Amino acid sequence: MTEITGWLLDVYARPGEEGVILWLLDETGSERYCLRQALPVAFHAAGPPARLRQLWRYLYHRPLPVSLSRGERRELFSDQPLTVLTVQVTQPAAQPALFREVSRAFPDLTYFDADLPVTLHHAAHYGTFPLARLHVSVDEGGWIQELEPLDTPWELDPVPVGEHLRLLTLEPDVDPAHAAPTRVLARAGRASYDLALQPSRPLLVNLRAILERHDPDLLLTTWGDTWLLPYLIELSRFSGLPLPLNRDPACRPLYRPERTYFAYGQVIYRGQQVYLFGRWHVDAHNAVLYHDYGMEGILELGRVTSLPVQAVARLSPGSGISAMQMLTALREGVLVPWHKQQAEHFKTARELLRADQGGLVYQPVIGLHRDVAEIDFISMYPSIMARFNISPETVLKKPDQNNQSLNRWGSSAAPAIQALNSFPPSQREGGTGGMGDGLVPQTLQPLLDKRITLKQRLVELPAWHPKRAAYKARASAHKWLLVTCFGYLGYKNARFGRIEAHEAVTAFGRETLLRAKETAEDQGYEVLHLYVDGMWVRRPGASRVADFQPLLDEIVERTGLPVALDGIYRWVAFLPSRLDARVPVPNRYFGVFQDGSLKMRGIEARRQDTPLWIVQVQQAMLDRLAKARSAGELGETLPELRRLLRKAGLDLRRGRVPLASLLVSQKLSRELDEYRVPSPAARAAAQLEAVGKHLRPGQRVRFLYTLGEPGVYAWDLPDRPNPATVDRRYYRRLLVRAAETVLQPLGADEIGLWLET
DNA sequence: TCCTCACGGGG
DNA sequence: GTGTACGTGAGGA
């Protein structure tokens with residue numbers, strides 16, 4: 001028997017084999033072990049007893065060894081235990097095919113635990129997760145006989161794998177979507193190799209030598225999913241020269257096709273993916289939010305979701321939160337439904353009318369305000385779910401029927417909302433994440449706790465501290481999980497979703513914000529604006545953090561939810577609608593905090609489709625405003641802003657603005673033939689289509705506005721655009737518009753005239 | 001004036 | 001392997 005202590009890299013099932021494969025990195029960092037372990041994987045079927053007996057006979061006579069048993073299980077939405085037929089296999093890799101067959105032969109039965117990733121079974125069974133510290137006992141045949149996890153996903157400072165994790169980066173010299181790469185740069189530790197792509201023989205020989213010499217645990221590429229790995233694999237196949245991208249020789253790289261889907265209110269494109277076995281492949285350009293939280297965030301997501309690192313890198317946070325909920329269910333012995341078969345409860349017409357209210361949004365007081373404090377609820381919706389135990393299975397439980405007091409929403413409000421008034425938040429029990437909580441709050445609570453601790457650490461650590469960046473990335477990864485968790489409640493295909501729970505959360509949110517508003521008004525504040533989970537308040541004489549502390553404390557007392565002072569503005573400007581200057585809009589504003597930092601929302605500089613040059617000019621103007629010590633000094637900045645703008649106008653006229661800074665980048669929302677009105681982005685995409693470059697919905701297209709038809713020039717066309725064709729008047733309009741946004745609150749008008757000489 | 005299309009928010 | 005809100009602004013018919 002061999003004893004090994006180390007970090008878990010991966011768990012997966014090999015076709016045709018018993019149990020699962022585990023890759024372990026030992027604690028000295030010198031060895032990688034490929035081990036095997038038994039893992040029983042089971043799914044359950046429920047239905048009429050006669051049909052279950054038929055299924056039993058059907059499975060009994062099949063060649064694949066399965067063990068069948070009858071039993072009772074808990075189903076989330078029912079108080080009664082459910083009788084199920086449990087089908088267990090010893091070859092986890094065989095389960096998907098077996099289940100497909102069964103569900104086709106017996107489509108009338110209800111299935112549970114049927115389509116879970118094998119890592120979830122392993123996590124639920126053994127308490128594992130990627131990069132978990134494990135102690136294992138291994139027999140002579142390489143089978144794990146005992147496994148003991150030495151930490152949990154909730155460890156704030158797990159023993160760092162750090163330098164032990166060997167990294168190889170591969171990077172082509174140019175973006176393959178725009179030009180044909182000629183070289184690829186490989187780096188491992190201090191070594192770096194510049195390899196020519198042609199001729200291919202030495203390329204493959206060298207790459208193979210590099211892979212064998214460094215034996216990386218992580219292959220970090222740019223465009224590795226969408227181009228480099230498929231290219232190399234094809235090259236290797238064609239030439240017959242082996243290229244050991246996988247560490248596990250028994251497996252071949254796994255391809256997943258490109259796809260386009262709709263989520264978060266927009267079309268999202270995810271390129272083709274290449275998964276490796278025995279080592280991780282992450283393509284920084286095809287990974288979700290890589291720019292936001294990087295590898296550190298991906299590893300954190302792996303730890304808390306227990307999904308494989310290669311998967312979390314490419315999955316939306318929605319699947320992460322979904323995996324966590326399934327894990328909670330598995331551990332609690334609650335059945336995980338196959339797909340989502342939970343229909344919304346029938347609604348009366350009146351209920352439909354009030355349904356689907358979102359967050360509370362006020363119209364701000366237009367104009368410039370000084371000494372305004374912004375108070376935000378921390379992770380408001382997740383906090384509400386945890387605090388008030390809102391979960392798909394708890395939300396329809398009848399509240400105390402004796403209490404018939406009318407609430408703000410009238411008598412048609414959902415029971416959960418009545419419960420809100422029956423139980424003032426500050427007195428209500430529960431929501432502690434302990435036993436007896438709903439599935440969703442139980443899943444959320446440790447996440448909320450960990451995120452808050454991470455953020456506390458960030459406040460305590462000095463700016464130079466080396467751990468800061470990692471904490472920041474991890475906190476950011478958590479943020480996304482928490483944000484999507486709320487949306488997932490209302491998603492019709494979520495396994496553990498229910499629209500009523502979603503509505504209950506927003507109802508609690510509105511009530512919470514209203515209580516905060518009342519609290520502020522009771523303390524003599526003027527409330528300038530409310531937005532979903534934030535509040536802007538002002539009171540003469542209150543301008544320091546300590547002045548607002550009593551208000552914060554009282555809000556926590558009255559709502560039961562955590563709040564934070566986002567900051568105190570020296571001044572903040574709420575902008576009017578462009579279409580009607582008398583109408584305020586809820587989310588267009590900018591301001592400067594007391595520490596001199598800027599905050600802006602909804603203006604040009606925040607938009608992804610604003611040309612870089614426009615962003616830079618607007619940002620420069622805002623930076624200048626931020627230098628004013630007080631709102632009173634803002635007027636004095638006008639001459640300098642005027643100079644800035646004139647110079648920008650002159651740069652444009654004289655052709656001194658780099659074309660690349662004038663590029664607009666927009667996402668295609670549909671296939672080209674589906675446009676009823678061809679948008680500029682669609683016209684640019686059509687130009688690319690004409691030269692054989694097809695773009696899918698969700699992909700970005702970069703273009704310039706040009707004179708004449710079709711009015712745009714796609715940046716990725718083979719020929720460089722002629723600078724003389726740039727539509728300068730159009731860019732001038734964009735410039736004036738962006739300047740107006742900034743200057744409007746200062747009372748400056750006729751901005752266009754500033755550009756005349 | 002109406003229609004279509006693209007973007008943001010969270011921290 | 002997944003969140004089909006909702007409002008604003010821009011541009012063209």
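Worth saying up front: this structure is predicted, and the values here are computed from it rather than measured. A note on names: the letters A, B, ... follow the listed sequences, proteins ahead of strands, and every chain is numbered from 1.
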With sugar-phosphate taken as primed atoms, P, OP1 and OP2 and all else as base, the protein-contact string of nucleotides 8-13 of chain C at under 4.0 Å (heavy atoms; B, S, -) is SSSS--

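For the ring-ring contact (aromatic ring centres under 6.0 Å, His included) test, no residue two or more places apart in sequence or in another chain qualifies with A:Y275. In terms of the side chain to side chain donor-acceptor pair (under 3.5 Å) criterion, A:S322 has no residue partners (sequence neighbours excluded). Among residues two or more places apart in sequence or in another chain, the ring-ring contact (aromatic ring centres under 6.0 Å, His included) test is passed with A:Y713 by none. Taking A:D595 as the reference, A:S597 meet the side chain to side chain donor-acceptor pair (under 3.5 Å) condition, with sequence neighbours excluded. For A:F262, there are no ring-ring contact (aromatic ring centres under 6.0 Å, His included) partners, not counting sequence neighbours. Every side chain to side chain donor-acceptor pair (under 3.5 Å) that A:S476 has, sequence neighbours left out, goes to A:D292.
Here A:S379 lies in heavy-atom contact (under 4.0 Å) with sugar-phosphate atoms only. Among the atoms of the strands shown, none is found under 4.0 Å from any heavy atom of A:R270. As judged by a 4.0 angstrom heavy-atom cut-off over every strand, A:R601 is placed among the base-contacting residues. At a threshold of 4.0 angstrom between heavy atoms, the contacts of A:Y675 are confined to the sugar-phosphate backbone, with no base atom among them. Note on A:R670: only backbone sugar-phosphate atoms sit closer than 4.0 angstrom, heavy atoms only; bases stay farther off. Heavy atoms of A:I268 sit nowhere under 4.0 angstrom from any nucleic acid atom. Here A:D566 lies out of heavy-atom contact (under 4.0 Å) with every strand.
For A:R495 and C:dG1, the CZ to P distance is 13 Å, given to the nearest whole Å. The CD atom of A:Q266 sits 14 Å away from the C1' atom of C:dC6 (whole-angstrom rounding).
Applying the salt bridge (Lys or Arg N to Asp or Glu O under 4.0 Å) test to pairs two or more places apart or on separate chains, those with a residue in residues 472-484 of chain A are A:E300-A:R474. Residue pairs meeting the salt bridge (Lys or Arg N to Asp or Glu O under 4.0 Å) criterion with at least one member in residues 113-122 of chain A, sequence neighbours excluded: A:D115-A:R495. Residue pairs meeting the salt bridge (Lys or Arg N to Asp or Glu O under 4.0 Å) criterion with at least one partner in residues 665-689 of chain A, sequence neighbours excluded, are A:E671-A:R696.
Side-chain nitrogen and oxygen atoms of A:S316 include none within less than 4.0 Å of the OP1 or OP2 phosphate oxygen of C:dG1.
Under a 4.0 Å N-O distance rule, the pair A:R578/A:E604 qualifies as a salt bridge.
Side chains of A:L299 and A:P130 form no contact here, defined as non-hydrogen atoms less than 4.5 Å apart.
First and last contacts of DNA chain B with chain A, using any nucleotide atom under 4.0 Å from a protein heavy atom and ordered 5' to 3', fall at B:dT4 to B:dG11.
Of the residues in residues 288-305 of chain A, none lies under 4.0 Å from DNA chain B by heavy-atom distance.
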